[in-house]
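Have a look at the structure below, then the notes.
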Amino acid sequence: SCYCRKMTYIIIKTIVLFYMFLFNAYNRIPYGKLIIGGICVFFMTLLPAFQYGVGTDYFSYQNIYNNANELDTFYQNKEYLFYGYMRLYQLTGWGFKGFIALTALLQSLLVFVIVFQLWKNYGYSLVLVFFLFWVVTNLFHTQMNIIRASFSIYLFAISILYKFRGKLLLSFILMVAALGFHRSALIGFCFLVIPDKMYFFACKHAFKIYVLTFLLFLFSYLQQIIYYIVQNLFPYYSHYLSSFDESSVSIMNVLTKMYWIPFNLLFLILLRLKVFVIKDNERKLIGMWALTVNVYLLMLSFDFISRVNYYFVIFYIIPIIYVIKYTVKNRYFVCLYLSLLYCFIPYLLKVILFPIAEFYYKSYLF
């Protein structure tokens, strides 16, 4: 039925959430991590693996898979890793559906690595990180549409997490890999070369940076700078600048991201009150969030920013984690439940009441 189809996302992700809880509880037993982690990845893989025509790019990738000339354009664009990945898979002869299934598995592994890193090396709650990744970032949905970019987004996130832990060589290799899937990942190198002192500074002055970037990006004072950056560093996006039509900008796309402002402001207030005990790698992560949190406002002036901003939505969960952590520590359970409900309601609306594009699940199984 239509209702059951709408519930598919919620049912499967709730199962993953349950196994994340088990992973957290039983990861110390022999093979516990491997077995329960494998089950988590399995269930994360199910929906994207069996999708059919979800979003807008499914049939575009099908055409690329079946058309050698189309695929060759990615080699010419120097997106060598995506080109090699698809060419290598084609040697198996398992067809396009198998390609989608393998892609789903690999991307689910990358998501698990992100969640695992934030739990083990940054001290965040495993269950909470997965829940927020699921309902706040919506990347589980967009990965079924923008396949190449999703590889880059996940690799970029892992690269940044390793950078903040001082694993610079591995971080650089992952960023190069991200670039090999999608050239827009070039923006990631900007954050890779920023010295740690800048992230510490951004964390220390997070409130001022938040207000400043909000005002600058909202009123487009940086328009000429953006034009210069795009035309010189990302020329393949330059056609968006010339063809941009203000009427084509989705105000709703911006408003859905402004929805998280209450969490952002509450987190910034708590940060200034110094109620958190924060390690150095956490400070860098908060600095990263402060520098990128308001980039979405540039969508009001530049349509292509909607694609660039995907690299930063993962960090939207950072302030929410700290706010919820504060409510738990101080036993403000009513605030905790209201916060979780506040996070879940927009997701519920997207998949139950207004399921469009990648939020409307379709599968060749039913």
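Note that the coordinates shown come from a computational prediction; the quantities given were computed from them, not determined experimentally.
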Does Phe96 CZ have over 12 foreign heavy atoms under 6.0 Å away? yes
Quiz question: by atom type and distance under 3.5 Å, do the side chains of Tyr311 and Thr292 form a donor-acceptor pair? no
More than 12 foreign heavy atoms under 6.0 Å from OH of Tyr342: is that the case here? yes
Lys97 to Tyr364, cation-pi by 6.0 Å centre distance and 45° axis angle: yes
For the residue pair Tyr9 / Tyr360, report whether a side-chain donor-acceptor contact shorter than 3.5 Å exists. no
Is the side chain of Tyr310 donor-acceptor paired with the backbone N or O of Ile153 at a distance under 3.5 Å, no angle test? no
Taking the six-membered ring for Trp, are the ring centroids of Phe82 and Phe151 within less than 6.0 Å of each other? no
So for atom CE, which belongs to Met198, do other residues, nucleotides or ligands contribute more than 12 heavy atoms lying within a distance under 6.0 Å? no
So, Tyr210 versus Phe267, ring centres under 6.0 angstrom or not? no
Does atom NZ of Lys279 have more than 12 heavy-atom neighbours, drawn from other residues, nucleotides or ligands, at distances under 6.0 Å? yes
Going by atom types only, do Lys350 and Asn138 share a side-chain donor-acceptor pair under 3.5 Å? yes
Pairing of Asp196 and Arg283 as salt bridge, 4.0 angstrom limit: no
Please confirm whether the ring centroid of Phe18 lies under 6.0 Å from the ring centroid of Phe23. no
Has Lys325 got its NZ or CZ under 6.0 Å from the middle of the six-membered ring of Phe276, at an angle within 45 degrees of the ring axis? no
Determine yes or no for a side-chain-to-main-chain donor-acceptor pair under 3.5 angstrom, with Thr327 supplying the side chain and Cys335 the backbone. no
